[in-house]
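Below is one structure; the comments refer to it alone.
First the proteins, then the strands, lettered A, B, ... as listed; each starts at 1.
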Amino acid sequence: MSDFFSQVYEVVKLIPAGRVTSYGAIAAYLGSPGAARMVGWAMNASHHHPDFVPAHRVVNRNGLLTGKHHFDTPNVMKELLENEGLLFDDNDQILNFEERFWDPAKELSL
DNA sequence: CACCTGACGACCT
DNA sequence: TAGGTCGCCAGGT
């Protein structure tokens, strides 16, 4: 439960629908700013987790859907987010990303 | 056991 | 502006 992965899942599960956060923000929140890659790795292994982990709500720092190729089909991630009210430009980048950004360090502010 | 790779990101040419 | 390097941690070969 104190594993880095488990902590990542705990945070991701707290992301509200219609909001998104970044790999780096989660890593920083967990105290390992340089471990953003691990967050992505954790998402990749999220199927190993018993609970639902909204991996589609985690994007890179530009609001770009860099992980879309890891879903069943490349458009699933985008469609899930659109269902939650997010909009995208022609580059699969989230519009109004700053407004939609959910920073665990701030929102959860321990 | 050593080496490689990866859903990132900050920094440095 | 674009491209290369490095750190981060875990898991696969």
Pick the [atom1] atom in [N] and in [M], then give their distance to the nearest Å.
| N | M | atom1 | result |
| --- | --- | --- | --- |
| C:dC8 | B:dC1 | P | 22 Å |
| C:dT1 | B:dC8 | P | 22 Å |
| B:dC4 | C:dT5 | P | 15 Å |

Taking all non-hydrogen atoms of both residues, which atom of [X] and which atom of [Y] are closest, and how far apart?
| X | Y | value |
| --- | --- | --- |
| A:G18 | A:R100 | O-NH1, 3.0 Å |
| A:H47 | A:N44 | CD2-O, 3.3 Å |
| A:D92 | A:L64 | O-CD1, 3.7 Å |
| A:W102 | A:L14 | CZ2-O, 3.7 Å |

From CA spacing to verdict: salt bridge (Lys or Arg N to Asp or Glu O under 4.0 Å), A:R57, A:E84: CA-CA 10 Å; A:R57 298 188 190 137; A:E84 298 181 355; 2.8 Å; yes

A:D72, CG atom: more than 12 neighbouring heavy atoms under 6.0 Å: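 Result for CG/A:D72: open.
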
Side-chain donor-acceptor contact under 3.5 Å, A:K13 with A:H49: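 Per modelled atom types, A:K13 and A:H49 side chains form a pair under 3.5 Å.
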
Verdict with reasoning, A:I94 to A:L87, per side-chain contact (heavy atoms from CB on, under 4.5 Å): CA-CA 6 Å; A:I94 298 173; A:L87 300 174; over 6 Å; no

First-last contacting nucleotides on DNA chain B - partner chain A, under 4.0 angstrom, heavy atom: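 From 5' to 3', the first and last contacting nucleotides are B:dG6 to B:dA10.
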
OG1 on A:T66 to CE on A:M77, rounded to 0.5 Å: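 So the gap between those two atoms works out to 6.5 Å.
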
Near-strand residues of residues 39-53 of chain A, defined as heavy-atom separation under 4.0 angstrom from DNA chain C: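 Per residue number, the list reads A:W41.
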
Parallel, tilted or perpendicular: rings of A:F97 and A:F101 (30°, 60°):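 Correct class here is perpendicular.
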
Would you tabulate the nitrogen or oxygen pairs shorter than 3.5 Å linking the protein to nucleotides 6-8 of chain C?
| unit_1 | atom_1 | unit_2 | atom_2 | d |
| --- | --- | --- | --- | --- |
| C:dG7 | O6 | A:R37 | NH1 | 3.1 |
| C:dG7 | N2 | A:G34 | O | 3.0 |
| C:dC8 | O4' | A:G34 | O | 3.4 |
| C:dC8 | O2 | A:G34 | O | 2.8 |

